[in-house]
Amino acid sequence: MLHKRRLSVALSLALALPAAFTTSAFAQVPAGYPADYAKVIDGAKKEGKVVIYSTTDSKAAESLIKDFSALYPGVKVEYNDMNSTEAYNRFISEAAAGGATADVMWSSSMDLQVKLASEGYGMAYKSPEAAAVPGWANWKETAYGTTFEPAAIVYNKRLVTEAEVPATHADFTKLLTTKQDKFKNKVTTYDIEKSGVGFSLMTYDLKLNPQFWDFARAMGGVSARVQSSTGTMLERISSGENLIGYNVLGPYALVRAKKDPSIGIAFTKDYNLVLSRVIFINKSAKNANAAKLWLDYILSKRGQTIIANDAQLFAIRGDVTGATTSAELNKQLGAALKPMPVSTELLEYLDQTKRLAFLKQWKEATKK
């Protein structure tokens with residue numbers, strides 16, 4: 001993730017109730033929702049707040065919080081921004097102690113989110129927006145994917161030629177093995193021991209890339225540098241300290257590329273992984289109605305439009321248009337896109353024995 005300022009931000013953008021909003025306006029049921037949804041809205045108003053633990057940067061979430069607060073005045077958003085491992089550990093320790101914790105968990109670490117939901121921390125809730133979410137992004141109407149974020153190859157446009165930019169995973173391996181001198185100490189990717197997202201992406205690569213261990217050895221051959229932060233990788237690629245990065249979160253890279261002419265971005269045509277930030281409501285949420293409002297808003301066309309155009313995290317809904325949407329990516333890459341499903345399939349490498357075996361094999365293959 002970009003540098004986490006760990007804002008326990010009670011980014012309390014709880015707007016005071018504007019004169020234009022009356023109680024009845026507040027309780028207005030969104031079009032197409034069941035009539036009894038008014039009870040959820042009224043219940044949220046009585047609760048008065050929703051507590052969210054999220055890996056989405058506060059800056060990226062700000063427009064969502066403002067818009068939600070305008071829709072539901074009086075429901076304060078307490079938004080806590082942290083990295084994926086911290087969010088997971090904080091939630092389970094607080095839940096175990098029976099104290100106050102998140103009403104909503106929203107994280108890019110898909111496997112940890114599904115783990116929590118499948119272990120009984122998630123509330124089964126059929127969102128009125130569920131039909132608009134792809135089947136692969138809905139786990140038992142408890143955990144939902146909210147974004148459609150492509151993993152990307154990011155490179156320094158001044159120092160890497162267009163001909164060198166890999167079009168496939170095999171091309172990437174070939175580049176590192178045939179141009180070892182140029183790329184020695186100049187390749188970066190996530191530190192898969194510290195980054196939950198990096199670990200998820202790399203273990204999913206293993207499923208899809210028949211030559212995965214050849215790639216790992218090629219990374220070792222150039223003494224690849226690893227980072228736990230997307231921001232650090234982008235900084236070092238921009239400066240030229242690193243030339244190319246693998247499995248970088250596409251949305252953050254695209255935001256950086258808009259203001260940084262040194263940053264180039266490519267997607268792979270054999271297959272390109274897609275990650276989705278997973279959201280679920282805490283089964284023991286103290287503000288369960290407000291949590292439902294937030295989840296439904298994030299999945300709604302209105303919320304997804306802001307996710308695409310303001311947060312630039314790529315909308316998962318197919319009916320949202322724009323450059324940073326699943327619809328646009330599908331036009332560009334089609335069948336090459338391989339979304340990681342919101343399912344217990346993601347838990348395979350969270351098994352401690354398998355995790356340690358994979359990390360050991362990875363270390364041996366990438367040994368400098």
Side-chain angles (χ1 to χ4, degrees), residues 1-4 55-57 60 83-84 107-110 147-160 164-169 171-173 175-176 183 185-206 208-209 212 215-216 218-219 222 224-277 311-314 323-324 329 332-333 336-340 362 366:
M1 311 286 103
L2 291 177
H3 295 297
K4 289 285 171 201
T55 60
T56 303
D57 294 298
N83 70 40
S84 56
S107 173
S108 51
S109 192
M110 298 178 71
T147 56
F148 196 83
E149 304 177 45
I153 290 171
V154 180
Y155 58 97
N156 184 303
K157 283 161 65 170
R158 292 177 287 109
L159 303 170
V160 177
E164 288 173 323
V165 178
T168 66
H169 290 80
D171 288 346
F172 203 112
T173 301
L175 177 73
L176 302 188
F183 289 96
N185 300 313
K186 298 288 186 179
V187 180
T188 187
T189 192
Y190 290 110
D191 181 339
I192 64 173
E193 286 191 85
K194 294 179 182 174
S195 166
V197 172
F199 184 80
S200 289
L201 290 168
M202 207 65 86
T203 51
Y204 216 79
D205 266 326
L206 177 60
L208 297 179
N209 183 358
F212 177 82
F215 161 76
M219 291 286 271
V222 293
R225 301 302 193 215
V226 295
Q227 306 294 339
S228 55
S229 155
T230 310
T232 304
M233 287 196 280
L234 294 174
E235 282 293 334
R236 293 185 179 185
I237 293 167
S238 175
S239 71
E241 183 179 343
N242 294 145
L243 297 181
I244 195 164
Y246 178 75
N247 263 357
V248 183
L249 272 186
Y252 289 142
L254 287 160
V255 168
R256 175 67 183 251
K258 285 181 180 175
K259 58 183 182 185
D260 187 340
S262 295
I263 295 288
I265 297 167
F267 300 116
T268 39
K269 295 180 173 60
D270 53 335
Y271 73 88
N272 202 101
L273 292 182
V274 176
L275 171 145
S276 187
R277 286 164 204 258
Q312 296 183 27
L313 292 174
F314 285 79
T324 45
L329 266 181
Q332 290 178 38
L333 295 170
L337 292 170
K338 298 297 178 193
M340 294 162 63
W362 172 259
T366 58

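Computed from a predicted model, the values in this text were never measured in an experiment.
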| Any side-chain donor near an acceptor of the partner, Ser84 and Ser107, under 3.5 Å | no
| field | Set of residues satisfying side chain to side chain donor-acceptor pair (under 3.5 Å) with respect to Tyr246, sequence neighbours excluded | value | His169, Asp205
| said: Would you say Asp191 and Ser195 are linked by a side-chain donor-acceptor pair, where the criterion is simply a distance under 3.5 Å? | reply: no
| Pairing residues for Pro166 by the side chain to side chain contact (heavy atoms under 4.5 Å, CB included) criterion, not counting sequence neighbours | Ile153, Asp171, Phe172, Leu175, Ile244
| task | Sequence neighbours left out, what passes ring pair (Phe, Tyr, Trp, His ring centres under 6.0 Å) with Phe199? Give chain and number order. | result | Phe358
| said: Test of understanding: with side chain to side chain contact (heavy atoms under 4.5 Å, CB included), list the residues that count as partners of Val160, not counting sequence neighbours. | reply: Tyr155, Glu164, Val165, Phe183, Leu243
| field | Partner set under side chain to side chain donor-acceptor pair (under 3.5 Å) for Thr188, not counting sequence neighbours | value | none
| query | Got a sec, which residues hit side chain to side chain contact (heavy atoms under 4.5 Å, CB included) with Ala151, two or more places apart in sequence or on another chain? | reply | Leu201, Asn247, Leu273
| field | All side chain to side chain donor-acceptor pair (under 3.5 Å) counterparts of Glu241, not counting sequence neighbours | value | none
| field | Any residue meeting side chain to side chain donor-acceptor pair (under 3.5 Å) with Asn242, in chain and number order, not counting sequence neighbours | value | none
| remark: salt bridge (Lys or Arg N to Asp or Glu O under 4.0 Å) filter on Glu193, not counting sequence neighbours, yields Lys363
| note | Across all chains, not counting sequence neighbours, the ring pair (Phe, Tyr, Trp, His ring centres under 6.0 Å) partners of Phe267 are none
| said: Give me each pair satisfying salt bridge (charged side-chain N to carboxylate O under 4.0 Å, His left out) with a member in residues 259-269, each pair once, sequence neighbours excluded. | reply: Arg256-Asp260
